[in-house]
Amino acid sequence: KIGIQPGWIVVLINGADGERTDASGVATYFSRAVKSVLNQPDGSDEAKMTLTFRDPSVFRSELQNLSADGEVSTKVAPAGDTTQRYADGTLRPGATETEQQDQVITVSQLIPPRMCNRRATTDDLIEISYIGQ
């Protein structure tokens with residue numbers, strides 16, 4: 001057991017972006033990385049596999065402990081190619097190659113809320129301010 005928890009997000013598999021794919025894509029990257037490592041001489045730098053995960057509970061915890069005038073951020077989508085493609089990698093008709101920057105959401109508490117004795121329910125109001133950059 002190496003401490004990986006259910007719900008963690010696979011970010012990288014030996015440098016391959018696991019955030020821009022589904023579970024079968026992650027499995028493919030993982031399989032390729034394992035095969036690559038097994039084909040290397042023991043002890044060589046290439047005989048190592050690196051997995052990078054993100055724990056979403058860290059962001060939730062930071063939100064729960066957000067102080068007045070504090071802020072917390074998390075990446076919701078990584079930078080990279082967003083082009084609509086077929087499974088073989090060719091462009092779909094009418095598609096052009098497109099890319100995006102990292103998409104990050106930042107939450108800040110401008111006015112501390114009064115203490116509340118009940119949890120949020122359906123139809124409660126939350127005020128959200130969006131500033132595009």
Side-chain angles (χ1 to χ4, degrees):
K1 216 172 185 183
I2 59 174
I4 299 169
Q5 299 296 314
W8 283 14
I9 299 163
V10 179
V11 178
L12 296 169
I13 305 104
N14 270 10
D17 187 354
E19 289 186 292
R20 281 220 174 272
T21 188
D22 57 13
S24 67
V26 169
T28 299
Y29 288 147
F30 188 82
S31 176
R32 287 178 188 164
V34 168
K35 288 176 184 172
S36 173
V37 167
L38 292 175
N39 288 329
Q40 301 301 321
D42 288 344
S44 72
D45 286 343
E46 293 82 24
K48 296 177 185 172
M49 190 165 101
T50 304
L51 302 174
T52 305
F53 295 89
R54 183 176 334 115
D55 179 0
S57 69
V58 171
F59 179 66
R60 284 191 298 269
S61 175
E62 289 175 345
L63 278 175
Q64 290 172 342
N65 299 310
L66 186 61
S67 63
D69 296 327
E71 68 178 33
V72 61
S73 298
T74 190
K75 183 168 41 168
V76 293
D81 186 354
T82 58
T83 306
Q84 296 280 321
R85 299 178 187 272
Y86 289 112
D88 66 0
T90 59
L91 291 179
R92 293 185 181 220
T96 57
E97 292 202 21
T98 56
E99 292 208 9
Q100 73 177 25
Q101 301 286 326
D102 280 340
Q103 293 181 18
V104 177
I105 184 168
T106 300
V107 177
S108 58
Q109 182 173 281
L110 303 177
I111 303 170
R114 293 185 311 253
M115 288 304 292
C116 183
N117 294 326
R118 69 173 181 85
R119 297 185 73 84
T121 61
T122 303
D123 295 329
D124 277 355
L125 177 65
I126 183 171
E127 184 176 332
I128 298 174
S129 174
Y130 172 77
I131 301 172
Q133 295 184 14

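Between the CD1 atom of I9 and the OG1 atom of T74 there is a distance of 7.5 Å, given to the nearest 0.5 Å. Rounded to the nearest 0.5 angstrom, I105 CD1 and F59 CZ are separated by 6.0 Å. Atom CG of D17 and atom CG of L12 lie 6.0 Å apart (nearest 0.5 Å). Taken from OG1 in T106 to CD in E71, the straight-line distance is 5.5 Å, to the nearest 0.5 Å.
In the hydrophobic clustering of this structure, W8 groups with V10; members are Ile, Leu, Val, Met, Phe, Trp, Tyr whose side-chain heavy atoms approach within less than 4.5 Å, directly or through other members.
In this structure, the side chain to side chain donor-acceptor pair (under 3.5 Å) partners of Q103, at least two apart in sequence or on a different chain, are Q100.
Taking both residues in full, the closest heavy atoms of S108 and L66 are given as C-CD2, 4.3 Å, listed atom of the first, atom of the second, then distance. Of all heavy-atom pairs between M49 and F30, the closest is CE-CE1, 3.0 Å. Between A33 and N14 the shortest heavy-atom distance is CB-ND2, 3.7 Å. Scanning both residues, V72 and L63, for their nearest heavy atoms gives CG1-CD2, 3.4 Å. Nearest heavy atom pair, residue V37 against residue A47, reads CG1-O, 3.5 Å.
A side chain to side chain donor-acceptor pair (under 3.5 Å) check over residues 27-40, counting only residues at least two apart or in different chains, returns nothing. Among residues at least two apart or in separate chains, salt bridge (Lys or Arg N to Asp or Glu O under 4.0 Å) pairs with a member in residues 47-63 are E19-R54, D45-K48.
Side-chain contact between V34 and L38 is present, with heavy atoms from C-beta onward closer than 4.5 Å.
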